[in-house]
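Single-structure report; data block below.
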Amino acid sequence: PRLERLKEAMGVLQHHDAVSGTAKQHVTNDYSERLSQGVSESFQMVAEAYSKLNVVEGGDEGGPEAAEMPVFCPLLNVSSCPTTEASEAFTVTLYNPLARPRSFHARVPVPGGAGYKVTDHQGHAVVSQLVPVPDAVLKVPGRNSSATYELVFLAQDIPPLGLLQFHVQRTANLRFQKEQMSQILRPERSH
Amino acid sequence: KDIEVNLGNQGLAVLLDKDTGLLKSIGVVRPDGITMVKVNQTYLWYAGMSGNNSQEEFRASGAYIFRPDGAHARPVAAAANVTIVQGPLVAEIHQVWTPWVSQVIRVYKEELTLEMEWLVGPIPINDGVGKEVVSRVVWPDISTNGTFYTDANGREMIKRVKNYRPTWQLHNVEPVAGNYYPVNSRLVISGGPDFQAALMNDRSQGGTSLDDGHMELMLHRRLLHDDAFGVGEPLNETAFGEGLVARGKLFLLHSDFANDDCDFGCLHRSLGEKLMLEPVVSFTATSKPAHAWR
C-alpha cells in the first residue's frame with residue numbers, strides 16, 4: 001500500500017497533457033505535487049528496506065533513529081544536498097538497478113575550505129577530486145545551498161541489483177585538500 | 001592556437017578553438033596516438049512565432065506546436081568564456097555563452113563518452129520575443145543525405161528523411177518544425193562505413209538534422225503567446241519572478257569510440273541502459289569514523 005501513492009500519481013501522469021507538457025500551469029503544479037509526494041513515500045520505503053538489510057546503522061537493533069535514516073537529495077541536479085553540506089561525516093549508498101555490474105562516478109555537493117577522506121566498505125582509501133560548482137549553477141534562482149564544490153569519486157563495480165557504500169569524512173588536513181583540489185585554468189581568448 | 005584537454009594516456013581528448021572557446025574536435029587517446037575528429041557544438045535560439053491565431057498563418061508557437069519565426073536559428077553568442085578544471089578523475093570545460101546559457105563539457109578518465117551538461121534560463125523576454133533554445137552538434141565534411149534516426153516512444157529506431165514522409169506526399173511549409181521529431185533517448189546519424197554518431201539525452205526532447213552532419217535538440221522554451229490548441233496559456237513558466245532554469249545532460253558518441261569488444265550499436269545501447277537506470281544515490285549522516293563504520 002505504501003507504493004500506491006506513486007503508482008496512482010504515475011497513472012494520472014499518463015494523461016497526454018502531462019506527458020507532453022501541454023497542461024495549464026496550475027494543473028502542472030498539481031502533477032508535480034502528486035509526483036513529489038509519491039516519490040517521497042517511496043524513498044521512505046527504500047530507506048526502511050535498507051535498514052532491514054543492515055545498510056543503515058542501528059538497523060539490527062530495533063530500527064535506526066530518524067537522524068540515521070538515509071536521505072535522497074532531489075536537488076543534486078543543482079549540486080545541493082543539506083546532509084552532505086552540513087555533516088562532518090556521512091555515508092554514500094549507491095543502488096544499481098541494472099542486472100549487471102556497473103561503475104559510476106558519484107558527485108557529492110560539499111562546501112569548500114576542507115578536504116574529504118573517502119573510504120570504501122573494505123576500509124580502502126578511494127581516490128577523489130574536488131570540482132568547483134559552475135558559477136551559473138551557484139546563481140540559479142531559488143538555490144539555497146552552501147555547496148560550492150562537488151566531491152567526485154568512482155564507485156567501481158556496483159553489483160547487479162545491489163549496493164555499494166562509501167564513508168566520507170571531512171578533514172581540515174591541508175595535504176588532503178591540496179591533493180583533491182582540481183587544477184583550474186582560465187585560458188585567454190585570442191580575440 | 002587551440003586548447004587541448006585530456007586526462008593522460010587513455011580516454012577522450014577534447015580540442016577547443018582558442019578564439020571562440022567552442023568545441024573543435026574530439027578524439028580517442030590510444031597508446032599509439034590520438035586520431036582527432038572535427039566536431040563543433042554551440043547553442044542557438046529560434047524566435048517563437050507570435051500571432052493572434054485568427055488565421056492559420058498567424059498561429060503562434062506554443063506548448064503544442066513548435067513554430068519558429070523564420071527558418072534559421074540565431075547563435076546565443078559567437079563565443080563562450082572558458083574555464084578548464086582538471087584532476088585525477090575528471091576534466092571539465094565550463095563554458096559560458098550568456099548569463100542564461102552555459103555548459104560543462106565533461107570527460108571522465110578512461111571513459112569514452114563526451115558529456116555535455118547544459119544549463120539554460122531564465123530565458124530573457126524583455127525584447128518581447130519568445131525564444132526556443134537548441135544545442136546543435138555539427139560534424140563538418142560529413143554527408144548524411146538528409147537522413148537521421150530517432151527512437152520513438154519506446155519503439156524501435158525510426159529512419160527520418162528531411163522533407164519526406166514514407167507514406168504520403170509532403171509539401172513542407174514549415175522547413176524547421178516540419179523536420180522536428182520526438183527524441184526519447186537518442187538521435188543517430190550515419191555517413192558511410194567510417195562515420196556514425198549518436199547524441200543521447202536524459203529526457204524526451206524534440207530534435208532534427210537540418211543539414212549534412214547536423215544533430216540538434218531542443219532544450220528549453222519560453223514563449224509569449226498561446227498556440228490556440230487548447231492550453232489557453234502561453235508557455236511562459238515563471239518561478240521566483242523569473243523564467244524557469246533547466247539543467248540536463250547530453251552525451252555524444254562517435255563510431256571511433258568503438259572497439260573489438262563493443263561496436264557502435266553496443267556503445268549507445270549500453271549507455272542508454274545506464275542513463276535509463278542510473279544508480280539510486282542516498283546519504284546518511286554518521287558520527288562514526290571510517291574504521292568503526294566498516
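Order of the sequence lines fixes the chain letters, A, B, ..., with proteins taken first and strands second; residue numbering starts at 1 for each chain. Keep in mind that what you see is a predicted model, and the values were worked out from it rather than measured. The basis for the numbers below is simple: all heavy atoms, side chains too, and nothing from hydrogens, waters or symmetry mates.
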Checklist entry - Quick one: of B:Pro279, B:Gly87, B:Ala63, who has the most non-hydrogen atom pairs under 4.5 Å with chain A? => result B:Pro279
Item to check | Proximal component of A:Gln122, with respect to chain B [non-hydrogen, under 4.5 Å] | outcome: backbone
Next on the checklist: Between A:Asp135 and chain B, with a heavy-atom cut-off of 4.5 Å, which part of the residue counts as in contact: side chain, backbone, both or neither?
Outcome noted: neither
Checklist entry - Where does A:Phe104 contact chain B at under 4.5 Å (heavy atoms): side chain, backbone, both or neither? => result side chain
Next on the checklist: Using side-chain heavy atoms (C-beta onward) and a distance below 4.5 Å, is B:Val85 in contact with A:Leu185?
Outcome noted: no
Checklist entry - For A:Gln183, does its backbone N or O pair with a side-chain atom of B:Gln86 as donor and acceptor, under 3.5 Å? => result no
Checklist outcome for this item: Heavy atoms of B:Trp293 and A:Thr119 approach each other most closely as CZ3-O, 4.1 Å
Checklist entry - Is chain A contacted by the side chain of B:Glu278, its backbone, both, or neither, given a heavy-atom distance below 4.5 Å? => result both
Checklist entry - Considering only heavy atoms, which portion of B:Arg221 lies under 4.5 Å from any heavy atom of chain A: side chain, backbone, both, or neither? => result neither
Next on the checklist: Using side-chain heavy atoms (C-beta onward) and a distance below 4.5 Å, is A:Val168 in contact with B:Phe283?
Outcome noted: no
Item to check | Interface moiety of B:Leu277 toward chain A, non-hydrogen atoms closer than 4.5 Å | outcome: both
Item to check | Euclidean distance, A:Tyr50 OH relative to B:Ser282 OG, rounded to 0.5 Å | outcome: 4.5 Å
Checklist entry - Relative to chain B, which of A:Val127, A:Thr28, A:Asn96 shows the most heavy atom pairs under 4.5 Å? => result A:Val127
Checklist outcome for this item: Whatever's closer than 4.5 Å to a heavy atom in chain B on A:Val19 counts as neither
Checklist entry - Of the backbone (N, CA, C, O) and the side chain (C-beta and beyond), which part of A:Thr83 lies under 4.5 Å from a heavy atom of chain B, both, or neither? => result side chain
Checklist outcome for this item: Counting heavy-atom pairs under 4.5 angstrom with chain B, the leader among A:Val27, A:Ile184, A:Val71, A:Val131 is A:Val71
Next on the checklist: What I want to find out is whether B:Glu92 reaches A:Arg107 closely enough, with some N-O distance under 4.0 Å, to be called a salt bridge.
Outcome noted: yes
Checklist entry - Taking all atoms of both residues into account, what is the closest heavy-atom pair of A:Pro132 and B:His94, and its distance? => result O-CE1, 3.4 Å
Next on the checklist: Counting only non-hydrogen atoms closer than 4.5 Å, does A:Gln129 touch chain B with its backbone (N, CA, C, O), its side chain (CB onward), both, or neither?
Outcome noted: both
Next on the checklist: Counting only heavy atoms from other residues, nucleotides and ligands, does the tally under 6.0 Å from NZ of A:Lys117 exceed 12?
Outcome noted: no
Next on the checklist: Do A:Arg186 and B:Val82 have side chains that approach each other closer than 4.5 Å (heavy atoms only, starting at C-beta)?
Outcome noted: no
Item to check | Part of A:Ser87 lying under 4.5 Å from any heavy atom of chain B | outcome: side chain
Next on the checklist: Can you tell me how far apart OG1 (B:Thr284) and CE (A:Met69) are? Round to the nearest 0.5 Å.
Outcome noted: 8.5 Å
Next on the checklist: Would you compute the distance between atom CD of B:Glu110 and atom OG of A:Ser103 and round it to the nearest 0.5 angstrom?
Outcome noted: 10.5 Å
Item to check | Working for side chain to side chain contact (heavy atoms under 4.5 Å, CB included), residues B:Tyr108 and A:Leu154 | outcome: CA-CA 10 Å; B:Tyr108 287 107; A:Leu154 179 64; over 6 Å; no
Checklist entry - Given the options B:Glu117, B:Glu237, B:His291, which has more heavy-atom pairs under 4.5 Å with chain A than any of the others? => result B:Glu237
Item to check | pair B:Lys274-A:Arg102: side-chain heavy atoms closer than 4.5 Å | outcome: yes
Checklist entry - Do B:Glu233 side-chain atoms and A:Gln25 backbone N/O form a donor-acceptor pair below 3.5 Å? => result yes
Checklist entry - Between atom CG of A:Leu98 and atom CD of B:Glu273, what is the distance when rounded to the nearest 0.5 Å? => result 6.5 Å
Checklist outcome for this item: Looking only at A:His167, A:Met181, A:Gln169, the option with the highest number of non-hydrogen pairs under 4.5 Å against chain B is A:His167
Item to check | Any donor-acceptor pair under 3.5 Å from A:His105 side chain to B:Val90 backbone | outcome: no
Checklist entry - Taking the side chain as C-beta and beyond, is there a heavy-atom pair between A:Glu88 and B:Ser287 under 4.5 Å? => result no
Checklist entry - Considering only heavy atoms, which portion of A:Ile158 lies under 4.5 Å from any heavy atom of chain B: side chain, backbone, both, or neither? => result side chain
Next on the checklist: With a 4.5 Å cut-off on side-chain heavy atoms, are B:Ile84 and A:Pro187 touching?
Outcome noted: yes
Next on the checklist: Within the supplied structure, the quantity of interest is the number of heavy atoms (other residues, nucleotides, ligands) at a distance under 6.0 Å from A:His121 NE2; does it exceed 12?
Outcome noted: no
Checklist entry - Going by heavy atoms in the side chains, are B:Val280 and A:Leu94 under 4.5 Å from each other? => result no
Item to check | Segment of B:Thr83 engaging chain A (4.5 angstrom heavy-atom cut-off) | outcome: both
Checklist entry - What closest approach, in Å, do A:Asn77 and B:Arg247 show between heavy atoms, and which atom pair accounts for it? => result O-NH1, 2.7 Å
Item to check | Considering all heavy atoms, the nearest B:Val104-A:Pro134 contact | outcome: CG2-CG, 3.6 Å
Checklist entry - Does NZ belonging to B:Lys109 count more than 12 external heavy atoms closer than 6.0 Å? => result no
Next on the checklist: Is A:Ala23 close to chain B through its backbone or its side chain, or both, or neither, when contacts mean heavy atoms under 4.5 Å?
Outcome noted: backbone
Next on the checklist: Would you say that more than 12 heavy atoms from the other residues, nucleotides or ligands in this model lie under 6.0 Å from the CZ of A:Arg34, or not?
Outcome noted: no
Checklist entry - So what's closer than 4.5 Å to chain B heavy atoms on A:Thr22: side chain, backbone, both or neither? => result both
Item to check | B:Leu119 side, atom CG; A:Lys139 side, atom NZ - distance, nearest 0.5 Å | outcome: 11.0 Å
Next on the checklist: Are B:Pro122 and A:Pro141 packed together at the side-chain level, in the sense that at least one heavy-atom pair is separated by less than 4.5 angstrom?
Outcome noted: yes
